[in-house]
Amino acid sequence: MKKHFICIAAFVFAIAICQAKNTKLSQNSININIDYNDKVFPGDAVFVRIQFENSKNRKKNLAIPSASAEIAGEKKSLASCNFYALGTKKTSAEFLAGLPISSWAENEECQIKIKYKVQDEGENEITLPLKIEKKVFESGVIKLTREMSSITTDTSPEKVEQSKKLNAIINSINPENVFNLKKFIVPVISKRRTTAFAERIIYKYPSGKESTSVHTGIDFGLPKPPSSEAQPHMQIIAPADGKIVMAENRIATGWTVIIEHLPGLYSMYYHMSEIKVKTGQMIKQGELIGFSGATGFANGEHLHWEMRLNSMIVNPDFFMNDFAFTGN
């Protein structure tokens, strides 16, 4: 989207480098190994990978029916979720959990509280330190065309049903759907970002009214070709392995694709001119999704790339690092 900046004062471009903090401990004859990112910026995520293994003096099989994680701030709980299994054996088990951090989160010291149960035994708790760093986001102004303005005020049954369908998808957490544990790649060749993640935007309507919003993803504009050439469509590729859970045309977002990567983790691609995938299809990193466009709520050809974790927006840049601590 084309926009006019109104304030970038004290703006710091910061991407959390997902460096794993490792913790080892033993509880009730079970050896526990934990990797997680202990420092994040607002809009990032915390991923916790935990391995349980019987110690030498434990004779029983290891069965862990449930495990959960919560981020506790100074005044309130900031996020919570259940772990999902990456692999289980008779004497060991491995789990992963992802917790989103709001782009409105304040700079503070927090705790990650992990609770787990062992079959026929009581509940255990582990507490880990977490630091949310300070970050100032960009601010800008976008002038809406009459067509874009009409999309924002559209209350038709079709648009309402489309919103319900999309929300049902991003609110779904399927514990069995572990499709990707690798770093993501950028889904386009363009390096030109026209709107940043979580940018605070003032929308100016043709009527003179204004509204404010937070940009939910990253917008990539097309590379600028020589003036004598027609502007080509940008190829959009899958940034990671996953399953296509939406591939259709929507009023607000135009030609749209959503990919499920992990339980509760979805990537979303808006405003395309053409899509090359179908709902239910499995896709590999680097495979073609479609081509950029200006369909739906758009005033220029671009790709809107969005990530959702447990329905909350998270910074796509975060996933360029080893968020799952696989070493790949």
Side-chain angles (χ1 to χ4, degrees), residues 1 43 45 100 148 151 159 162-163 165-172 177 179-180 182-199 201 213-223 231-262 264-320 323:
M1 292 182 182
M148 293 171 71
I151 291 174
K159 187 183 177 188
Q162 289 177 353
S163 295
K165 182 177 180 179
L166 186 145
N167 288 330
I169 288 173
I170 63 175
N171 283 312
S172 298
N177 292 359
F179 300 125
N180 177 77
K182 299 185 297 183
K183 298 178 186 180
F184 283 52
I185 60 175
V186 182
V188 292
I189 60 170
S190 176
K191 293 181 171 59
R192 187 167 67 92
R193 300 186 179 202
T194 56
T195 312
F197 168 76
E199 185 168 329
I201 296 174
S213 182
V214 171
H215 191 244
T216 55
I218 298 171
D219 284 353
F220 291 92
L222 283 171
Q231 191 152 315
H233 292 304
M234 230 181 349
Q235 284 194 346
I236 300 167
I237 60 172
D241 295 358
K243 180 180 180 180
I244 306 295
V245 292
M246 177 181 283
E248 62 186 52
N249 196 12
R250 304 178 69 249
I251 293 171
T253 57
W255 284 104
T256 297
V257 170
I258 301 179
I259 305 176
E260 182 181 19
H261 302 284
L262 286 171
L265 180 64
Y266 299 89
S267 62
M268 309 161 81
Y269 310 84
Y270 292 167
H271 311 304
M272 291 191 284
S273 61
E274 184 180 0
I275 59 176
K276 292 294 187 179
V277 292
K278 295 180 180 180
T279 300
Q281 173 185 336
M282 302 304 297
I283 194 162
K284 293 291 186 181
Q285 186 179 69
E287 290 183 344
L288 182 67
I289 297 172
F291 298 92
S292 65
T295 56
F297 184 81
N299 63 354
E301 191 165 305
H302 70 288
L303 170 69
H304 173 91
W305 180 29
E306 184 173 321
M307 296 286 298
R308 295 274 183 160
L309 176 59
N310 302 346
S311 78
M312 187 180 292
I313 61 166
V314 283
N315 190 349
D317 283 322
F318 173 86
F319 296 90
M320 305 296 180
F323 70 94

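Positions are given from 1, in the same order as the sequence printed here. Values below: all heavy atoms of this structure, side chains included; hydrogens, waters and symmetry mates excluded.
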(request) Could you give me the CA-CA distance, side-chain angles and deciding distance for Leu166 and Arg250, then say whether side chain to side chain contact (heavy atoms under 4.5 Å, CB included) is met? (result) CA-CA 10 Å; Leu166 186 145; Arg250 304 178 69 249; 3.6 Å; yes
Heavy-atom pair of closest approach, residues [X] and [Y]:
X: Ala45; Y: Leu309; answer: CB-CD2, 3.7 Å
X: Ala247; Y: Thr279; answer: N-OG1, 3.3 Å
X: Gly286; Y: Ile237; answer: O-CG2, 3.5 Å
X: Asn167; Y: Asn171; answer: O-ND2, 2.8 Å
X: Ala168; Y: Ser172; answer: O-OG, 2.6 Å

Using side-chain heavy atoms (C-beta onward) and a distance below 4.5 Å, is [X] in contact with [Y]?
X: Thr216; Y: Met268; value: no
X: Ile259; Y: Ile289; value: yes
X: Leu288; Y: Gln235; value: yes
X: Leu303; Y: Pro187; value: yes
X: Met246; Y: Lys165; value: yes
X: Tyr269; Y: Pro239; value: yes
X: Gln285; Y: Ile185; value: yes
X: Val186; Y: Phe220; value: yes

For the atom pair [atom1] ([X]) and [atom2] ([Y]), what is the distance rounded to the nearest 0.5 Å?
X: Asn177; Y: Tyr266; atom1: CG; atom2: OH; value: 7.5 Å
X: Leu265; Y: Phe179; atom1: CG; atom2: CZ; value: 11.5 Å
X: Ser273; Y: Ile236; atom1: OG; atom2: CD1; value: 7.5 Å
X: Met272; Y: Tyr270; atom1: CE; atom2: OH; value: 10.5 Å
X: Ile218; Y: Asp317; atom1: CD1; atom2: CG; value: 4.0 Å
X: Lys243; Y: Asn180; atom1: NZ; atom2: CG; value: 15.5 Å

(message) Under the criterion side chain to side chain contact (heavy atoms under 4.5 Å, CB included), I'd like the reasoning laid out for Ile275 against Asn249: C-alpha separation, chi angles, the key distance, then a yes or no.
(response) CA-CA 9 Å; Ile275 59 176; Asn249 196 12; over 6 Å; no
Within the distance-only criterion (no hydrogens, no angle test), does the side chain of [X] pair as donor or acceptor with the backbone N or O of [Y] below 3.5 angstrom?
X: Thr295; Y: Trp255; answer: yes
X: His271; Y: Gly254; answer: no
X: Ser190; Y: Gly221; answer: yes

(request) Show the numbers, then the answer: is there a side chain to side chain contact (heavy atoms under 4.5 Å, CB included) between Met307 and Phe197? (result) CA-CA 10 Å; Met307 296 286 298; Phe197 168 76; over 6 Å; no
(message) Are more than 12 heavy atoms, taken from residues, nucleotides or ligands other than Lys159, located less than 6.0 Å from that residue's NZ atom?
(response)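 Yes, NZ of Lys159 has more than 12 neighbouring heavy atoms, counting only those of other groups under 6.0 Å.
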(request) Might you work through the side chain to side chain contact (heavy atoms under 4.5 Å, CB included) test for His304 and His215, ending with a clear yes or no? (result) CA-CA 10 Å; His304 173 91; His215 191 244; 3.3 Å; yes
(request) Report the residues that fulfil ring-ring contact (aromatic ring centres under 6.0 Å, His included) with Phe184, sequence neighbours left out, ordered by chain and then residue number. (result)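 Counting only residues at least two positions away or on another chain, Phe184 forms a ring-ring contact (aromatic ring centres under 6.0 Å, His included) with His261, Phe319, Phe323.
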(message) Which residues pass the salt bridge (Lys or Arg N to Asp or Glu O under 4.0 Å) test with Glu306, not counting sequence neighbours?
(response)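 With neighbours one apart ignored, the set is Arg308.
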